[in-house]
Amino acid sequence: MENIKAPRGVRDILPDESWKWASIFDVTRKIAEDFGYREVHLPIFEQTELFSRGIGETTDVVEKEMYTFSDRSGRSLTLRPEATASMVRAYLEHGMASGPQPSKLWCAGPMMRYERPQKGRYRQFWQLDFEAIGSSSPLVDVEVIALSLEIFRRLGLSNLEVLVNSVGCPVCRPVYRSALQAYLGGHFESLCPTCQGRYDRNPLRILDCKVPTCRSITDGAPDVRDHLCEECRVHFDEVLKGLALIGAKFRIDKRLVRGLDYYTKTAYEVLSGDLGAQNAVCGGGRYDNLAEAIGGPHTPGVGFAAGLDRIVLTMEQQGLGFGKEPSIFATVVIADEGARDEGLRLLYELRKAGVPTDMDASGKGMKAQMKAAGAAKAAYVCLLGSSEVVKGVVALKEMSTGTQAEIERDRIVAELVLKAGAARC
RNA sequence: GUGAGCGUAGCUCAAUUGGUCAGAGCACUGGACUGUGGCUCCAGUGGUUGGGGGUUCAAGUCCCCUCGCUCACCCCA
C-alpha cells in the first residue's frame, strides 16, 4: 500500500465537502418533485455502441474521450461519458412510451471522460441529469430550461449567463451548413489551423472558436435563425416566447453549438462567471433523433446535464452557504472506569432515540474526551462518573455556555431528545 | 494529445551566492489543571526534501530522465 494514489483526474470527496454535495442533492430532489420528475438510477457502464451511435462517431467524446474496455466475455463496454443516451435507452427498453408522455426522469451520478484535467474538469465528474422524453412541445424545452435555472436560483448562484440557440434539424441544418461554408470559404486563409480543419468536418464549430481573428470573421457569418426550416423556426419562437413569459433571463447566442451530434432545435448553456476556462455549469437541449440513432422508434426528447463539481466550485467562489453542516449533538464523557458500562448504555439509548451521540472508545483521559467533544462541536456533554452512577444522575453540560446541571438518569434521554428536536428547528 | 508553471512533515510554508538546512506554524498525542472543552505554556509523534541518475569535497538548492500536481489549448458539465 505504498504510494498508491487515486488515478489521474479523479478525486475523493471527503467529509468536509461531501455534506455540501448532500445539501445540493436535497435541493435538487425537492425541485424534481416540484416539477414532476422522478428519479432513476442507471448503470455507469453500457454497451459501447450506445454511445458511439447515440453521441456520434465523429464527436470528440466518442473519438478520444471514452473509457472503453472489453469484459471477460469479450463484450465492448464503456464507462458512461454522459447520461442522456442511457436515459433514452432505459426509456426504450422499458417501454415508457406507453405511459403518460413525456416521461420526466432525472438522475445524478458520476460520468467518466478521458480528458486532461484542469480547473473544473475531471475524469470522473458528477452530473445532475434531467430528461423529458416523448414530447416535441416547445413548452417542454421551456420547462427543462426553467428547471435548471430554478436549481441555480435555490442554491443562490449569481453571475450566471444563460445562452440559448437553435441548431436546426436534419432538414435545415445542411442548408445552414452550406451557407456557412460558402461564407467561411471566402476567409479560409485567415482562419486558424484548427478551424481550417473544422471547415469540412464540422464548420458549425468554427462559430465557437476563441481565436480573435476567427471570431471577427464569424461575426459577419450568416445567422442560423435565418436558415431554420418552418418547423424549427416556429419551435424556436415558441421556446423564446415561453421563456419570456416565465421571466427567464437569457441571451440568444448564434455562436452556441453543441459538441454532441444528437442535438436538434433547442440548444442552451448556463455559464458561470466564477469558474476558469471550463465555465459551463449546465448544458442541454433537444435531441429528437437520438432514440432512432440507437435503434428505437422516432422519439423526441429534451433535457440538460448540470455539473455538480462546477456548481460546488462556483458556490464556494461566491461564498454561498450549503445549509447546516451535520455534527454530533451529544457526547458521553466518562470520568472514571467505574462509569464506563453505564456510559455505554446511555450512548446507545441516545442513539436509538435518534440523538446524534458519540463517546470515546479508546480509553482517553477525561480532559481529552472533553476536548474531543469540543472539536466535534457537540452541543451537550453527558458526564458520567462513579458518583453520578451511584446517585442515579447524569451531569449535563451545555458546551456553548459552560453551564452544567444534574439530570436524573431516567430523564436524560427524553431531555436530550427534546433539546435535539428544538435545535433542528 | 500540445504548452507553461510547480513538486520540502497530514495541511500552509521557511532554509542567504550549492556548505550543521532538514525547520516553523497549524493539526494530532500527552502534560501543566490526578472529575471538565474552546485561551495560554511545555513536550512528543511525524519527512530517505515525489522517484532515479549525473556534476561536485559538498545538492531541497545545478543538469538530465521519470512520475505527479496545477493552469491553459482542445473539448465540454
Side-chain angles (χ1 to χ4, degrees), chain A residues 2-9 11 14 16 55 59-65 80-84 108-130 148 192-195 197-198 202 205 208-211 256-260 263 267-272 275-284 303-314 331 333-339 360 362 364-389 395-404:
Chain A
E2 70 174 67
N3 258 350
I4 295 182
K5 294 198 268 188
R8 173 163 226 202
R11 63 212 178 107
L14 302 178
D16 282 346
I55 298 173
T59 58
D60 278 17
V61 169
V62 171
E63 274 188 341
K64 49 187 199 193
E65 295 175 2
R80 65 179 181 192
E82 58 117 34
T84 306
M111 308 296 156
M112 281 66 67
R113 258 126 90 161
Y114 186 87
E115 296 182 274
R116 199 79 176 257
Q118 71 184 77
K119 188 179 177 72
R121 187 169 77 183
Y122 310 97
R123 289 185 169 177
Q124 175 179 310
F125 55 99
W126 285 66
Q127 286 188 339
L128 303 173
D129 196 80
F130 282 76
S148 66
C192 73
T194 39
C195 281
R198 292 195 267 230
N202 195 347
R205 209 62 88 53
D208 211 20
C209 185
K210 289 171 188 163
V211 177
L256 178 62
V257 293
R258 318 271 22 243
L260 312 183
Y263 283 108
Y268 87 105
E269 220 163 74
V270 181
L271 270 30
S272 163
L275 289 172
Q278 307 304 318
N279 61 352
V281 82
C282 171
F304 72 84
L308 251 184
D309 308 76
R310 292 182 186 177
I311 289 173
V312 173
L313 272 175
T314 301
T331 300
V333 168
I334 299 306
D336 57 78
E337 282 308 307
D360 169 65
S362 56
K364 276 192 235 185
M366 181 173 169
K367 192 179 177 67
Q369 292 179 58
M370 287 302 297
K371 208 172 165 187
K377 294 181 181 140
Y380 289 90
V381 158
C382 297
L383 181 61
L384 273 175
S386 301
S387 57
E388 279 79 9
V389 174
L396 183 64
K397 177 165 185 173
E398 184 176 10
M399 295 298 271
S400 60
T401 59
T403 54
Q404 188 169 316

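Worth knowing before you read on, the calculation uses all heavy atoms, side chains too, and leaves out hydrogens, waters and symmetry mates. In what follows, chains carry the letters A, B, and so on, assigned in the order in which the sequence lines appear, proteins first and then strands, with residues in each chain numbered from 1.
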Closest listed nucleotide, where the reference is the side chain of A335(A) and the choices are U36(B), G35(B), C74(B)
G35(B)
For A372(A) and K364(A), work out which heavy atoms get closest and say how close.
CB-NZ, 4.4 Å
Is the aromatic ring centre of W126(A) closer than 5.5 Å to the centre of the six-membered base ring of A77(B), with the two planes inclined by less than 30°?
no
Say we look at U40(B) and C33(B): how far apart would their C1' atoms be, to the nearest angstrom?
12 Å
Under 4.0 Å between any heavy atoms, over every strand shown, what does E388(A) touch: base, sugar-phosphate, or nothing? Just pick one.
base
NA contact type, A368(A), heavy-atom cut-off 4.0 Å: base, sugar-phosphate, or nothing?
sugar-phosphate
If we call it a pair only when both distances are under 3.5 Å in a Watson-Crick or G-U wobble match, what pairs with G38(B)?
none
Is K367(A) touching bases, backbone alone, or none of the nucleic acid, heavy atoms closer than 4.0 Å?
base
Work out how far the C1' atom of U56(B) is from that of U70(B), and round it to whole angstrom.
33 Å
Indicate whether OP1 or OP2 belonging to G38(B) is found under 4.0 Å from a side-chain N or O atom of K371(A).
no
Report the base-pairing partner of U56(B) (Watson-Crick or G-U wobble, both distances below 3.5 angstrom), or none.
none
Euclidean distance for C1', A14(B) against A32(B) (whole angstrom):
30 Å
For nucleotides 1-12 of chain B, tabulate all protein N/O to nucleotide N/O atom pairs closer than 3.5 Å, reporting atom names and distance.
from: U2(B); atom 1: O4; to: R116(A); atom 2: NH1; distance (Å): 2.4

For G120(A) versus L313(A), what's the shortest heavy-atom pair and its separation?
CA-CD1, 3.7 Å
Any idea which of C74(B), A77(B), G35(B) is nearest the Q278(A) side chain?
C74(B)
Under 4.0 Å, counting only non-hydrogen atoms across every strand here, what does D16(A) touch: a base, just sugar-phosphate, or nothing?
nothing
Measuring from the side chain of D60(A) (C-beta onward, heavy atoms only), which nucleotide among A72(B), C75(B), C69(B) has the closest atom?
C75(B)
Please state whether the base of U36(B) and the side chain of Q404(A) form at least one donor-acceptor pair under 3.5 Å?
yes
Would you measure the distance from the P atom in U20(B) across to the matching atom in A59(B) and give it in whole Å?
12 Å
Would you say the side-chain atoms of R113(A) pair up with the backbone N or O of P81(A), donor to acceptor, closer than 3.5 Å?
yes
For G276(A), which contact category applies under a 4.0 Å heavy-atom criterion: base, sugar-phosphate, or nothing?
sugar-phosphate
What closest approach, in Å, do L384(A) and A339(A) show between heavy atoms, and which atom pair accounts for it?
O-CB, 3.4 Å
Counterpart base for C28(B), defined by Watson-Crick or G-U wobble contacts under 3.5 Å
G44(B)
Nearest-angstrom distance, C1' atom, U2(B) to G19(B)
41 Å
Out of Q124(A), Q127(A), R11(A), R121(A), which residue meets the side-chain contact (heavy atoms from CB on, under 4.5 Å) rule with D309(A)?
R11(A)
Using only heavy-atom distances, decide whether a donor-acceptor pair under 3.5 angstrom links the side-chain of Q118(A) to the base of C74(B).
yes
Please pick, from C75(B), C74(B), G30(B), the nucleotide with the shortest atom-to-atom distance to any side-chain atom of R205(A).
C75(B)
Nearest-angstrom distance from the residue atom CE of M370(A) to P of A32(B):
17 Å
Does G365(A) reach a base, just sugar-phosphate, or nothing at all? Heavy atoms under 4.0 Å.
nothing
Base paired to U70(B) (Watson-Crick or G-U; both N/O distances under 3.5 angstrom)
A4(B)
Side-chain donor or acceptor of E115(A) paired with backbone N/O of E65(A) under 3.5 Å
no
Could you work out the separation of C13(B) and G53(B) based on their P atoms and round it to a whole Å?
30 Å
Counting any heavy atom closer than 4.0 Å, what does K364(A) reach on the DNA or RNA strands: base, sugar-phosphate only, or nothing?
sugar-phosphate
Counting Watson-Crick and G-U wobble pairs only, both distances under 3.5 Å, name the nucleotide matched with G23(B), or none.
C13(B)
M366(A) side chain, from C-beta outward: closest of U36(B), C73(B), C75(B):
U36(B)
Using purine N1 to pyrimidine N3 plus N6-O4 or O6-N4 for Watson-Crick, or N1-O2 and O6-N3 for G-U wobble, both under 3.5 Å, which nucleotide pairs with C75(B)?
none
Taking only the P atom of each, what is the distance from U17(B) to U61(B) in whole angstrom?
15 Å
With sugar-phosphate meaning primed atoms plus P, OP1 and OP2, does Y380(A) contact a base, only sugar-phosphate, or nothing at under 4.0 Å between heavy atoms?
nothing
Within the side chain of Q369(A), is there an N or O that forms a donor-acceptor pair under 3.5 Å with the backbone of I334(A)?
yes
Under 3.5 Å, side chain of R123(A) to main-chain N/O of P117(A), donor-acceptor pair present?
no
Give me the atom names and distance for the closest heavy-atom approach of M399(A) to V381(A).
SD-CG2, 3.6 Å
For atom P, what is the distance between G60(B) and G23(B), given to the nearest Å?
13 Å
Classify the nucleic acid contact of E269(A) as base, sugar-phosphate or nothing, counting any heavy atom under 4.0 Å across all strands shown.
nothing
Ignoring the backbone of P117(A), work out which of U70(B), A72(B), G37(B) is nearest its side chain.
U70(B)
Does A373(A) reach a base, just sugar-phosphate, or nothing at all? Heavy atoms under 4.0 Å.
nothing
